[in-house]
Amino acid sequence: MRYISTRGKAPALNFEDVLLAGLASDGGLYVPENLPRFSVEEIASWGGLPYHELAFRVMRPFVAGSISDADFKQILEATYAGFAHSAVAPLKQLDANEWVLELFHGPTLAFKDFALQLLGRLLDHVLQKRGERVVIMGATSGDTGSAAIEGCKACDNVDIFIMHPHNRVSAVQRRQMTTILGDNIHNIAIEGNFDDCQEMVKASFADQGFLKGTRLVAVNSINWARIMAQIVYYFHAALQLGGPARSIAFSVPTGNFGDIFAGYLARNMGLPISQLIVATNRNDILHRFMSGNRYDKDTLHPSLSPSMDIMVSSNFERLLFDLHGRNGLAVADLLDGFKASGKLSVEEDRWTEARKLFDSLAVDDEATCATIAEVYKATGEVLDPHTAIGVRAARDCRRHLATPMVILGTAHPVKFPEAVEKAGVTAPQLPVHLADLHEREERCTVLANDLKVVQQFVSAHGNRGKPL
Ligand SMILES: *Cc1c(COP(=O)(O)O)cnc(C)c1O
């Protein structure tokens, strides 16, 4: 499989190189040159497979030529064996023809584990083969950092540095990162905010001299392997609800458009999906595009669903690429315009094309809490605020009652007790494997909000705690 850039000017790469690359050299994102397509008969034949075997069938074409079947099978089996539910991604019925797909049974209790548990293992496999070591740097306001650290903790060839804003993440989220001890795990609390952390990661990619030749790898949501891993659970859900013989609708709590873009790819690979609902919080740039063809940058509004607090949506470019007939130069023009003006809209017929599949809703904090309360009252289920936004959007935007509606349950409610308590619901307990989280030893270094200080720290510790 070869991968091409959404901006048309970077060289095509194979899977292995895409895994290690961040942005393409022209500033674009990598997408498969040709998407695999499965027949309805083939998809139907996968019914009843264990999750890791389904994952093998769905993702095999994407890694072809880079990872052998035997190795890939083994990696996938190990990846999903660490999930706390034997179904890996169980479906729970909420209402007539309405289900939540629970994606929070991984080690850090959010859907990001599906991709990052795999990414860590893929990186280690490829690096082992090449005899290479890499450094990962990332910034987090919560979920991504812990999932990335959990995914990389067993990697022999990776040192991971995750920066979070000092005293600005919840105790559960901080401890999910800082209690993972290993000489290749480096938690940095920055005396600044999340944007300061992110800016330092960006600046480090732009000027890598401090790494003395060691390759820097990104694990943010633009990484192709993360999108790829998320395609699988759309197939998994559909197969349990009568697909592919019938169509399924999905409602997806959305921030950077990675998770829902995986659903869009599943449909283009042959899975009958009749509707994809973009569910956002008040940070609603995607809702403004879907409802009115206006992708206009706004300020950041902190919300009770912080994992969806974004100003621009980094994977949206991948959809724009398809909407423009995969013309990379047209996409580059459009995004240059957006960079200059903060505004973007597409030609009417392209927007109409998108609207055939996508609907959207923006849900504020008040409606989020009301939905948590509503669902708790009706079913006894406690939703996290992100999932609650998905449920609200599913109920308001649904096209056909006869089509099964699946809401992606993106996080466990215990991670976001503030919203749950505001809804008047008692937050649930930590699951067994995290029950002693608050007693575990923490390791973290507090650093000044200063790029030089951070880069010195990385170069002094980037080789399993020793200097690069
Ligand atoms: C990351 C995240 C999202 C948003 O997913 P995107 O792929 O960025 O759209 C939603 N909910 C939770 C809990 C998350 O951690």
Side-chain angles (χ1 to χ4, degrees), residues 29 89 100-117 119 138-151 164 169-170 172-173 176-177 194 198 219-231 233-234 250-266 276-287 289-290 303-319 358 360-363 368 372 382-393 407-420:
L29 306 181
V100 169
L101 180 66
E102 294 187 348
L103 300 174
F104 48 74
H105 296 285
T108 73
L109 313 179
F111 83 92
K112 291 187 169 72
D113 288 327
F114 276 81
L116 286 162
Q117 284 292 309
L119 181 62
T140 190
S141 51
D143 285 348
T144 306
S146 58
I149 290 172
E150 272 286 352
H164 69 265
V169 300
S170 75
V172 169
Q173 291 196 319
Q176 282 191 307
M177 298 189 278
F194 171 66
Q198 206 165 28
V219 292
N220 54 7
S221 74
I222 59 139
N223 186 299
W224 162 256
R226 285 184 60 180
I227 308 269
M228 171 184 89
Q230 292 166 187
I231 298 170
Y233 45 68
Y234 288 89
F250 287 90
S251 176
V252 185
T254 296
N256 275 319
F257 205 73
D259 212 4
I260 196 165
F261 186 71
Y264 164 84
L265 293 178
L276 284 171
I277 301 172
V278 179
T280 75
N281 62 25
R282 256 197 78 196
N283 298 287
D284 60 350
I285 186 167
L286 288 169
H287 171 59
F289 176 79
M290 290 300 172
S303 78
L304 290 174
S305 42
S307 300
M308 297 172 7
D309 288 351
I310 49 99
M311 289 197 291
V312 298
S313 211
S314 41
N315 283 291
F316 185 58
E317 176 166 346
R318 288 185 157 118
L319 180 68
F358 290 99
S360 67
L361 187 71
V363 180
T368 303
I372 294 174
V382 182
L383 301 180
D384 101 285
H386 307 81
T387 307
I389 287 172
V391 169
R392 181 78 272 134
I407 297 112
L408 299 201
T410 51
H412 192 291
V414 77
K415 292 191 90 167
F416 300 98
E418 191 189 349
V420 174

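Counting starts at 1 for both ligands and their atoms, in listed order. Positions are given from 1, in the same order as the sequence printed here.
- You'll find the side chain of M308 reaches within 4.5 Å of the side chain of P253, heavy atoms only.
- For the pair F257 and ligand 1, the shortest N or O to N or O distance falls below 3.5 Å.
- Looking from atom 8 (O) of ligand 1 to the surrounding protein, the closest heavy atom is N256 N, 2.8 Å.
- Q173 is not listed as a side-chain neighbour of S146, based on a closest heavy-atom distance of 4.5 Å or more.
- Any N or O atom pair closer than 3.5 Å counts here, and H386 shares no such pair with ligand 1.
- Between F250 and Y234, the angle of the ring planes goes over 60°, which puts this pair in the perpendicular group of the 30/60° scheme.
- Side-chain contact annotation: N315 with S221, donor-acceptor N/O pair under 3.5 Å present.
- Heavy-atom separations between F261 and ligand 1 are all 4.0 Å or longer.
- At a threshold of 4.5 Å between non-hydrogen side-chain atoms, the residues S307 and F416 count as touching.
- Of all atoms in ligand 1, listed by their number and element, those nearer than 4.0 Å to a heavy atom of T254 are 9 (O).
- Distances between N or O atoms of Q230 and those of ligand 1 include no value under 3.5 Å.
- For the pair L265/R318, no side-chain contact is recorded, criterion being any heavy-atom separation below 4.5 Å from C-beta on.
- Close approach to T410 involves these atoms of ligand 1, each under 4.0 Å from a residue heavy atom: 10 (C), 11 (N), 12 (C), 13 (C).
- Listed by atom number, the atoms of ligand 1 under 4.0 Å from D259 heavy atoms are 7 (O).
- Within the structure, ligand 1 has P253 among the residues with a heavy atom less than 4.0 angstrom away.
- In terms of protein heavy-atom proximity, atom 9 (O) of ligand 1 is closest to G255 N, 2.8 Å.
- An N or O contact shorter than 3.5 Å links G258 to ligand 1 by distance.
- What sits closest to atom 3 (C) of ligand 1 on the protein, heavy atoms only, is F111 CE2, 3.6 Å.
- Taking the side chain as every heavy atom from C-beta outward, V414 and V172 never approach each other to under 4.5 Å.
- Here the side chain of T368 pairs no donor or acceptor atom with the backbone of I389 at under 3.5 angstrom.
- Contact atoms of ligand 1 toward A411: 13 (C) (distance under 4.0 Å to a heavy atom of the residue).
- Looking only at distances, no side-chain donor or acceptor of K415 sits under 3.5 Å from a matching main-chain atom of D384.
- For ligand 1, the polar-atom distance check against K112 finds a nitrogen or oxygen pair separated by under 3.5 Å.
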